[in-house]
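Just so it is clear, the structure is predicted and the values come from calculations on it, not from any experiment. Start at 1 with the first residue, then count along the sequence.
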Amino acid sequence: MSGLASWRGVIISGSQHVEQKVVSIGGWFVEAPASWGARCWCDDAGMRELSQLIDVEEPAWPELRETLETSSVSVDVLPPDSHLGRASILQLQVTARSYLGAVALQCGGLLVDDGWVRVFGSPVGGAAHEVPGLARVNQFPAEFDPEWRPETGLVVAHDVLGGVFALNGAVPASADRPGAPGEVVFFAPDSLRWEALGVGHSTWLAWLVSGALDEFYADLRWTGWKEEVRALNSSEGLSPFPPLWSAEARQDISATSRRAVPMKELLGVARDSCRQFDGVDPGFLGTV
């Protein structure tokens, strides 16, 4: 299991292509909001007004949009709800100069690689795609609350197999999670463990659309996966049998059968399996 964690982290943090992406945006990457107590980008200024978060020089969205438009993999940029986006960026206390702020403010979410990964933003309610928003997934308060923060970190994306990408909070060890504050970690559906990926949010997002997912998910994809994923709505995932953590599935993922199930069920089964086999609760995996 530990080999899986180090292997996945090396794929991202060791990628020269991704490092070039970081340089292209002036070295900016999101670690964790100031209110989480980690390294911050607001110079210890405390809580900021909405205008201070969105009326910034060099907002990240134009460059991020160009990156998405020129991606070598399919990326569907979902339409945003401007009111929800403004409320979300205010609650997060990140600026629009960051990729996290740009996604929260400027798009309803991203469907990456034919929808294999769903990155959460601020979607229009009732849209056909049914992708939940960052606020819903992380149970933001209904009104701005300066005292609120995600206890274990911020869930930023799910994949169709029940994998979870999250941004670490201030003290990852207190939530039994690996990695540093502000580092992206991955709950792997085949190992049922959190794995540190060695990068911050902006680097991770640039990597996500760089065409590297085939390598990252090399042992978890099968011939015809695209057709199965495209048939899902975004409230569903794929549940393989035998399960991904079984010896049979690890030996040959293509020999498994798969059925569409609600993401809520998929995440719930993964959490229950962790408790049953390891006696460890992986914690919050997102509300869908």
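Leu197 has its side chain out of reach of Val185: every pair of non-hydrogen atoms, C-beta onward, lies at least 4.5 Å apart. A 4.5 Å side-chain heavy-atom check between Leu167 and Val184 finds at least one atom pair inside the cut-off. Using a 4.5 Å heavy-atom threshold, the side chains of Val94 and Leu53 count as separate. Counting only heavy atoms from C-beta outward, the side chains of Glu228 and Val160 never approach each other to under 4.5 Å. Residues Asp190 and Ile253 have side chains not in contact (no heavy-atom distance under 4.5 Å, counting atoms from C-beta outward). In this structure the side chain of Pro123 never reaches within 4.5 angstrom of the side chain of Leu78, judged on heavy atoms. Inter-residue side-chain proximity for Val280 and Cys274 is flagged as unmet; no heavy-atom pair is nearer than 4.5 Å. The closest side-chain heavy-atom distance from Trp61 to Leu105 is not below 4.5 Å.
Atoms CG and CG, from Asp159 and Asp113 in turn, are 11.0 Å apart once rounded to the nearest 0.5 Å. For the atom pair CG (Leu110) and CG (Leu205), the distance works out to 6.5 Å, reported to the nearest 0.5 Å. Rounding to the nearest 0.5 Å places OG of Ser98 at 10.0 Å from CG of Leu64. Once rounded to the nearest 0.5 Å, the distance linking OG1 of Thr203 with CD of Glu183 reads 10.5 Å. Here Asp55 contributes atom CG and Leu50 contributes atom CG; the two are 7.5 Å apart, rounded to the nearest 0.5 Å. In this structure, CZ on Arg250 lies 9.5 Å from CG on Leu244, to the nearest 0.5 angstrom.
Gln91 contributes no side-chain N or O that, together with a main-chain N or O of Ser88, makes up a donor-acceptor pair within less than 3.5 Å. A side-chain donor-acceptor contact under 3.5 Å links Gln52 to the backbone of Glu49. Side chain of Ser254 to backbone of Trp222: no donor-acceptor contact under 3.5 angstrom is found. Side chain of Ser239 to main chain of Val261: no donor-acceptor pair is present (N/O by atom type, distance under 3.5 Å, no hydrogens or angles). Side-chain N or O atoms of His158 include none that pairs as donor or acceptor with a backbone N or O of Phe120 at under 3.5 Å. Between the Asn168 side chain and the Pro178 main chain, a donor and an acceptor come within less than 3.5 Å of each other. Judged by distance alone, the side chain of Asp81 and the main-chain N or O of Leu84 form a donor-acceptor pair under 3.5 Å. Side chain of Arg177 to main chain of Thr152: a donor-acceptor pair is present (N/O by atom type, distance under 3.5 Å, no hydrogens or angles). Put simply, the side chain of Gln93 gets close to the backbone of Arg48: a donor and an acceptor are under 3.5 Å apart. In this structure, the side chain of Asn138 does not engage the main chain of Phe140 through any donor-acceptor pair within 3.5 Å.
Residues Met47 and Pro146 come closest through the heavy atom pair CE-O, 3.2 Å. Summarising the geometry of Pro141 relative to Asp145, their closest heavy-atom pair is CG-CB, 3.8 Å, with the distance given to 0.1 Å. Gln139 approaches Phe284 most closely through the heavy-atom pair OE1-CE1, 4.0 Å. The two residues Met263 and Gly162 come nearest to each other via the heavy atoms CE-CA, 4.4 Å. Taking both residues in full, the closest heavy atoms of Val56 and Ala96 are given as CG2-CB, 4.0 Å, listed atom of the first, atom of the second, then distance. When all heavy atoms are compared, the tightest approach of Ala104 to Ser122 is O-OG, 2.6 Å.
No more than 12 heavy atoms of other residues, nucleotides or ligands shown are found within 6.0 angstrom of CZ on Arg86. With a 6.0 Å radius and a threshold of 12 heavy atoms from other residues, nucleotides or ligands, Glu66 has its CD atom at or below the threshold.
Under the ring pair (Phe, Tyr, Trp, His ring centres under 6.0 Å) test applied with Trp204, the options Phe186, Tyr99, Phe216, Phe165 reduce to a single match, Phe165. The side chain to side chain contact (heavy atoms under 4.5 Å, CB included) test with Trp116 singles out one residue from Val229, Leu232, Leu238, Leu111, and that residue is Val229.
Between Trp225 and Tyr217, the ring center distance fails the sub-6.0 Å criterion.
Under the 4.5 Å side-chain contact rule for hydrophobic residues, Val137 and Trp148 share a cluster. Residues Phe241 and Trp245 fall into different hydrophobic clusters, defined by Ile, Leu, Val, Met, Phe, Trp and Tyr side chains chained together at heavy-atom separations under 4.5 Å.
Between Arg259 and Glu265, at least one side-chain N (NZ, or NE/NH1/NH2) sits under 4.0 Å from a carboxylate O, which counts as a salt bridge. Under the 4.0 Å criterion applied to side-chain N and carboxylate O atoms, Arg221 and Asp214 are assigned as salt-bridge partners.
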Item to check | Trp207 vs Val199, side-chain contact (heavy atoms from CB on, under 4.5 Å): CA-CA, chis, key distance, verdict | outcome: CA-CA 10 Å; Trp207 165 84; Val199 295; over 6 Å; no
Checklist entry - Hey, mind stepping through Leu92 and Leu134 against side-chain contact (heavy atoms from CB on, under 4.5 Å) and telling me if it holds? => result CA-CA 10 Å; Leu92 286 170; Leu134 194 65; 3.7 Å; yes
Next on the checklist: side-chain contact (heavy atoms from CB on, under 4.5 Å), that's the test. Do Val119 and Val156 meet it? Break it down for me.
Outcome noted: CA-CA 6 Å; Val119 179; Val156 293; 5.6 Å; no
Next on the checklist: What verdict does the side-chain contact (heavy atoms from CB on, under 4.5 Å) test give for Val73 and Leu208, after you've listed the backbone C-alpha separation in whole Å, the side-chain angles of each residue and the deciding distance to 0.1 Å?
Outcome noted: CA-CA 9 Å; Val73 299; Leu208 194 66; over 6 Å; no
